[in-house]
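First the structure, in the form of structure tokens, and then the observations on it.
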Amino acid sequence: MHRAYMPVMDHKAFISQLSPDTLAALSAVENAAGLRHLAGHTALIGALALWIALGWPLWQVAVLLQGIAICFLFTLEHETTHKTPFRNAPLNEWVGRICGVLLLLPFEWFRYFHLAHHRHTNDPDKDPELLSGMKPETWGDYIRHVSGLPYWLGMARVTRDNARGRMDASYIPGRARPRIIREARVMLAIYAGVLASLAFTPLLFWICLLPVLVGQPFLRLYLLAEHGRCAFVSNMLENTRTTYTNRIVRFLAWNMPYHIEHHTLPNVPFHQLPALHAHMQGHHGVTQAGYAAFTADYARDLR
């Protein structure tokens, strides 16, 4: 994996170099930027759904594009766990919950899973992402991981167990259990309604269910680049990767390819990450010139 240069400091030392005014400007949360971005992402999904529903030429291609567009709502749900896409707190919560339903990723549960990941980034003994087997090292594990099937099966089990109140993860506080249980039960009721609707019309299958199945592998490949093959150390400049990519990917991923930046200052909203990236020049420990290059490098090291 490509290293731009070895960092001369850790992320805490970098933060200490930023002035209070700069930190305040970078951390300012607003509604306008998030609403514009949400409108664009939602419009894309709506347009692709119409293309599929009306059977316009090359609608099969639209199914794949729709899957990618919906699956990358993961990056928005991820941001809402930090309460940064929108200044309005209820808007953050409801956008996160809706994304969670679309992705079979319970928002209330994921908030605590993800915050534990931030507290223990790339710690083999404590990071829940590593403990859940999300970093494959063999070709067999890699193919299974990228297929998305372990994700769907794992999240189905989590949602089922949450609905039953069977949560034993240490990162889930007792006060959150009632919310997590209630959310899981509502999600299961929604899914039951979706399945029932298929008896009357296959529309949801074609514009949502099939697309997320074919789109999930692209999200899996993208997520591997965030920490895959990074050092098992506490320094965010070394245990996380920033990937240089094009505007389309940055749009779909809500600027999360600037991932060192995000882990260094998680309270910086997505629209300010390019500015934080500019401040961080010369301190990135691990970077990659594109996701195709990362995937090729990762595959070469598989056993």
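Computation of the quantities below employed the complete heavy-atom set of this structure, encompassing side-chain atoms and omitting hydrogens, waters and symmetry-equivalent molecules. Computed from a prediction, not measured in an experiment: that's the story for all the values here. We're numbering straight along the sequence, starting at 1.
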Show your reasoning for whether side-chain hydrogen bond (donor to acceptor under 3.5 Å, both in side chains) applies to H227 and H263. CA-CA 11 Å; H227 304 283; H263 267 261; 3.3 Å; yes

Quick check: H78 with F107 (ring centres under 6.0 Å apart)? no

Heavy-atom pair of closest approach, residues L103 and E77: CD1-OE1, 3.9 Å

So for atom CZ, which belongs to R160, do other residues, nucleotides or ligands contribute more than 12 heavy atoms lying within a distance under 6.0 Å? yes

Set out, in order, the CA-CA distance, both residues' side-chain angles and the distance that settles side-chain hydrogen bond (donor to acceptor under 3.5 Å, both in side chains) for E261 and H284, then state yes or no. CA-CA 9 Å; E261 292 78 0; H284 294 84; 2.5 Å; yes

Quick one: does H259's side chain get under 4.5 Å of T243's, heavy atoms only? no

Nearest 0.5 Å, what's the OG1-CG distance between T264 and L276? 7.0 Å

Decide yes or no on side-chain contact (heavy atoms from CB on, under 4.5 Å) for T81 and F113, but give the supporting numbers first. CA-CA 10 Å; T81 66; F113 176 95; over 6 Å; no

Given side chains that start at C-beta, do those of W59 and L48 come closer than 4.5 Å, heavy atoms only? no

For the rings on H82 and H114, is their centre-to-centre separation under 6.0 Å? yes

Should the pair W254 and H37 be assigned to parallel (<30°), tilted (30 to 60°) or perpendicular (>60°) ring geometry? tilted

Cluster link V214 to L44, ILVMFWY, side chain under 4.5 Å: yes

Evaluate the ring planes of F294 and Y298, with Trp represented by its six-membered ring, and classify them as parallel (under 30°), tilted (30 to 60°) or perpendicular (over 60°). tilted

Side chain N31, main chain R87, donor-acceptor under 3.5 Å: yes

Other residues, nucleotides, ligands: >12 heavy atoms within 6.0 Å of F218 CZ: no

Tell me whether the rings of Y222 and Y291 are parallel (<30°), tilted (30 to 60°) or perpendicular (>60°). tilted

Within-4.5 Å side-chain heavy-atom neighbours: K135 and H145: no

Any luck finding a side-chain donor-acceptor pair between H117 and D127 under 3.5 Å? yes

Grab the two heavy atoms, one from Q216 and one from G148, that are nearest each other, plus how far apart they are. CG-CA, 3.8 Å

Atom pair CG/CG of D123 and L130 - distance to nearest 0.5 Å: 8.0 Å

Quick one: do L153 and M187 end up in the same hydrophobic cluster if we chain Ile, Leu, Val, Met, Phe, Trp and Tyr together by side-chain heavy atoms under 4.5 Å apart? no

Checking T80 against N92 for the side-chain hydrogen bond (donor to acceptor under 3.5 Å, both in side chains) test, could you report, in this order, the C-alpha distance in whole Å, the side-chain angles of both residues, the deciding distance, and whether it holds? CA-CA 5 Å; T80 59; N92 271 307; 5.8 Å; no

Inter-residue atom distance N162.CG - M167.CE, 0.5 Å rounding: 5.5 Å

Is there a side-chain contact between H271 and R36, using heavy atoms and a 4.5 Å cut-off? no

Heavy-atom count check: over 12 atoms from other residues, nucleotides or ligands less than 6.0 Å from L54 CG? yes

Check against side-chain contact (heavy atoms from CB on, under 4.5 Å), H279 and T22: CA-CA 10 Å; H279 284 286; T22 298; 3.7 Å; yes

Would you mind reporting whether L273 and M256 have side-chain heavy atoms less than 4.5 Å apart? yes

Nearest atoms (heavy-atom pairs only) where P106 meets E183: CB-OE1, 3.4 Å

Could you go through R179 and E108, starting from their C-alpha distance and side-chain angles, then the distance that decides it, and tell me whether this counts as salt bridge (charged side-chain N to carboxylate O under 4.0 Å, His left out)? CA-CA 7 Å; R179 296 197 309 273; E108 296 287 354; 3.3 Å; yes

Walk me through whether M280 and I260 qualify under side-chain contact (heavy atoms from CB on, under 4.5 Å). CA-CA 9 Å; M280 195 174 278; I260 293 176; 3.6 Å; yes

For the residue pair Y258 and H277, does the interplanar ring angle fall in the parallel (under 30°), tilted (30 to 60°) or perpendicular (over 60°) class? tilted

Please find the pair of heavy atoms, one from A231 and one from N122, that lie closest to each other, and give the distance. O-ND2, 3.1 Å

Note, L210 side chain near V63 side chain (heavy atom, < 4.5 Å): yes

Does atom CH2 of W206 have more than 12 heavy-atom neighbours from other groups under 6.0 Å away? no

Side-chain touch V194/L209, heavy atoms, less than 4.5 angstrom: yes

Carefully, step by step, assess W51 and L58 under the rule side-chain contact (heavy atoms from CB on, under 4.5 Å). CA-CA 9 Å; W51 184 357; L58 299 177; 4.1 Å; yes

F251 with L219, same ILVMFWY side-chain cluster at under 4.5 Å: yes

In Å, rounded to the nearest 0.5 Å, how long is the span from CG of L252 to CG of L73? 9.0 Å

Aromatic plane relationship, Y142 with W139 - under 30° parallel, 30 to 60° tilted, over 60° perpendicular: perpendicular

Can you tell me if CZ on R97 sees more than 12 non-hydrogen neighbours from other groups inside 6.0 Å? yes

Ion pair present between E137 and R229, side-chain N to carboxylate O less than 4.0 angstrom? yes

Locate the shortest heavy-atom distance separating F86 from G34; write the atom from each residue and the value. CE2-C, 3.2 Å

Under a single-linkage definition using a 4.5 Å side-chain heavy-atom cutoff for Ile, Leu, Val, Met, Phe, Trp and Tyr, are F74 and Y191 assigned to the same hydrophobic cluster? yes

Say you draw a straight line from NE2 of H41 to CG of L76; how long is it, rounded to the nearest 0.5 Å? 7.5 Å

Working to the nearest 0.5 Å, report the span between OG1 of T295 and CD of Q288. 8.5 Å

Under 3.5 Å, is there a donor on one side chain and an acceptor on the other for N239 and T121? no

Should L195 and L104 be regarded as members of a common hydrophobic cluster, given that ILVMFWY residues are connected when their side-chain heavy atoms come within less than 4.5 Å of each other, either directly or indirectly? yes

Side-chain heavy-atom pair L23, L265 within 4.5 angstrom cut-off: yes

